[in-house]
Amino acid sequence: MKLNPKAWNAIKIGTLCSVSYLAVYIARNILSAVTPQMLELGYAEEYIGKTSSLYFICYAVGQLINGAIGEKIKAKWMICIGLLGAGITNLVFPHITFSPDAAMIVYGLTGFFLSMVYGPMTKVVSENTEPIYTTRCTLGYTFASFFGSPVAGLLASFLVWQNVFAASSTVLVVMAITSFLFFSFFERKKLIQYGLFKAQKSGSKNIGVLLKRKIVKFALIAIITGIVRTSVVFWLPTYISQYLGLSAQLSATLFTVATLVISTTAFIAVFIYERLGYHLEKTILFMFLSSALFFVLTFLVNTPAVNIIFLVLAIMSSNGAACLLWSRYCPSLRDTGMVSSATGFLDFLSYMAAATANVIFANAATSIGWSRLILVWLGLAISGIIISLPYDTIFKKTKQNDNT
């Protein structure tokens with residue numbers, strides 16, 4: 001069966017973006033994957049927690065800044081400079097031994113460089129593909145974002161932690177060069193064009209448009225899912241080694257397997273979304289309900305194998321809500337001309353929440369214990385349920401009943 005030209009072009013653009021984004025998420029998950037190794041070598045949980053939090057803060061602030069810049073500058077330059085800069089700082093970080101604070105700052109710069117990728121990428125995909133193909137493209141790099149975790153875990157299973165960073169840096173630099181060449185080629189062939197949709201000139205009108213599109217509701221969803229998909233997953237190897245009592249090497253291996261399973265979330269989420277009649281908010285509510293159930297089971301069952309299964313299912317359910325946020329809601333804003341800035345804003349909230357949670361979780365694991373920390377994660381899922389309830393439908397029915 002021969003694909004139509006628009007579908008084929010979407011495959012080309014989507015593949016390039018997905019592979020580039022895989023490099024981003026391999027780098028983003030490296031510190032998490034090597035944390036058990038670093039703890040065994042004498043690094044403190046508090047230091048690793050602060051380092052990861054600074055990274056998330058820089059990534060979050062970068063999303064806000066680079067999301068807005070991405071409306072003005074070609075995605076090719078934003079993405080390639082981001083990948084190259086992150087490759088350099090990621091390589092330097094483990095070799096700064098004279099000052100822990102300096103190393104922490106360099107790792108924070110990695111987060112800022114990586115934040116240059118997502119907003120412009122989502123904008124270029126949404127503006128250069130038909131809506132039916134846009135979802136598939138964003139699904140591809142959403143999958144890549146989840147798949148980066150097992151790749152990082154796999155590297156940590158075979159390499160010492162400094163070499164894991166070196167391997168990640170190599171991937172980033174190679175993808176920076178490759179992306180630049182392919183973007184340039186696609187631009188010459190008119191597969192990628194810029195400025196097809198423009199925002200309103202008035203800032204107040206732009207805000208009004210986003211409010212009508214329920215930006216506040218999805219901002220809260222971004223915060224909750226950001227904590228789960230970022231902070232909970234970050235501490236997963238440490239959770240396995242400390243709470244379940246397994247070795248650092250086995251924890252890294254199980255982290256690889258667990259995150260490999262989690263990487264399938266994007267496809268499962270879209271499958272459920274289609275079965276629920278393409279109803280975005282209904283599907284997100286279902287995801288949070290499932291997440292809450294599995295966190296309850298995680299708290300109740302202490303058998304390592306079963307506990308990990310339930311925790312993975314809880315994370316996958318929450319990630320399913322995140323997947324729909326990024327792959328359906330954000331691209332749907334293309335007619336507003338604000339895809340990059342809106343996506344950057346939501347990602348900013350997501351990672352600022354994750355940065356805060358990372359410090360809290362690092363201290364909570366020691367002060368209140370992992371068992372009670374599971375209840376905190378359960379509370380996040382319950383908050384997601386409350387936010388995702390169809391209040392507009394409920395109020396509409398209530399008003400109709402009052403009128404009758």
Side-chain angles (χ1 to χ4, degrees), residues 9-10 12-25 27-28 58-87 109-129 131 133-142 144-145 148 172-173 175-199 206 210 222 325-351:
N9 290 345
K12 293 176 183 177
I13 296 171
T15 300
L16 174 60
C17 290
S18 297
V19 176
S20 300
Y21 208 51
L22 176 60
V24 171
Y25 265 76
R28 212 210 72 175
C58 291
Y59 188 88
V61 174
Q63 285 287 356
L64 198 61
I65 296 171
N66 293 318
I69 295 174
E71 304 287 4
K72 308 294 183 182
I73 298 178
K74 288 183 177 181
K76 174 178 70 176
W77 293 106
M78 295 290 291
I79 292 171
C80 297
I81 291 173
L83 292 171
L84 181 61
L109 288 175
T110 300
F112 184 83
F113 280 119
L114 292 179
S115 72
M116 298 175 70
V117 177
Y118 188 70
M121 182 181 291
T122 301
K123 180 178 177 66
V124 80
V125 168
S126 66
E127 291 189 348
N128 289 277
T129 61
Y133 304 127
T134 300
T135 299
R136 297 296 182 263
C137 289
T138 54
L139 181 65
Y141 57 79
T142 300
S145 70
L172 287 167
V173 173
M175 279 312 306
I177 298 170
T178 303
S179 295
F180 184 84
L181 294 175
F182 273 94
F183 264 100
S184 299
F185 176 75
F186 289 165
E187 288 171 0
R188 288 197 300 271
K189 294 294 184 180
K190 303 297 183 182
L191 269 68
I192 290 178
Q193 300 181 61
Y194 302 97
L196 300 178
F197 297 88
K198 295 185 181 295
N206 291 340
L210 292 177
L325 167 66
W326 306 116
S327 67
R328 286 298 305 141
Y329 177 73
C330 289
S332 73
L333 301 174
R334 77 169 187 165
D335 61 302
T336 68
M338 295 181 286
V339 171
S340 181
S341 53
T343 301
F345 170 68
L346 292 174
D347 231 4
F348 163 76
L349 295 177
S350 174
Y351 281 94

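All values reported here derive from a predicted model rather than from experimental measurement.
Nearest heavy-atom pair, Leu172 versus Ala23, reported as atom, atom and distance to 0.1 Å: CD2-O, 3.5 Å. Residues Phe348 and Ala60 approach most closely at CD1-O, 3.0 Å, considering heavy atoms. Across all their heavy atoms, Ser184 and Lys76 have their closest contact at OG-NZ, 3.3 Å. What you find for Ala176 and Leu83 is that their closest heavy atoms are CB-CB, 3.7 Å. When all heavy atoms of Asn66 and Met78 are compared, the closest pair comes out as O-CE, 3.5 Å.
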Should Val61 and Phe112 be marked as a side chain to side chain contact (heavy atoms under 4.5 Å, CB included) after you check the CA-CA gap, both sets of side-chain angles, and the distance that decides it?
CA-CA 8 Å; Val61 174; Phe112 184 83; 5.5 Å; no
Hey, mind stepping through Phe180 and Trp77 against side chain to side chain contact (heavy atoms under 4.5 Å, CB included) and telling me if it holds?
CA-CA 8 Å; Phe180 184 84; Trp77 293 106; 3.6 Å; yes
Does the side chain to side chain contact (heavy atoms under 4.5 Å, CB included) test come out yes or no for Ile13 and Val125, once each step is laid out?
CA-CA 7 Å; Ile13 296 171; Val125 168; 4.1 Å; yes
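Note that the CZ atom of Arg188 and the CZ atom of Phe186 stand 11.0 Å from one another [nearest 0.5 Å]. One distance of note links SG of Cys58 with CZ of Phe113; it measures 11.0 Å at 0.5 Å rounding. Between Lys123 atom NZ and Asn128 atom CG the span is 10.0 Å, to the nearest 0.5 Å. Atom CG of residue Asn9 and atom NZ of residue Lys12 lie 5.5 Å apart, to the nearest 0.5 angstrom. Taking CG of Leu333 as the start and OG of Ser126 as the end, the distance is 8.5 Å to the nearest 0.5 Å. With rounding to the nearest 0.5 Å, the separation of OH in Tyr59 from CG in Leu114 is 6.5 Å.
Side chain of Ser18 to main chain of Thr15: no donor-acceptor pair is present (N/O by atom type, distance under 3.5 Å, no hydrogens or angles). Judged by distance alone, with hydrogens and angles left aside, the side-chain atoms of Thr178 form no donor-acceptor pair with the main-chain N or O of Met175 at under 3.5 Å. Counting only distance, with no hydrogens or angles, the side chain of Asp347 and the backbone of Thr343 share no donor-acceptor pair below 3.5 Å. Ser20 places a side-chain N or O within donor-acceptor distance of the main-chain N or O of Leu16, the cut-off being under 3.5 Å.
A ring-ring contact (aromatic ring centres under 6.0 Å, His included) with Tyr118 holds for exactly one of Tyr25, Tyr21, Phe345; it is Tyr21.
Here the side chains of Leu346 and Trp326 are in contact, with some heavy-atom distance below 4.5 Å. Leu84 has its side chain within reach of Val173: a pair of non-hydrogen atoms, C-beta onward, lies under 4.5 Å apart.
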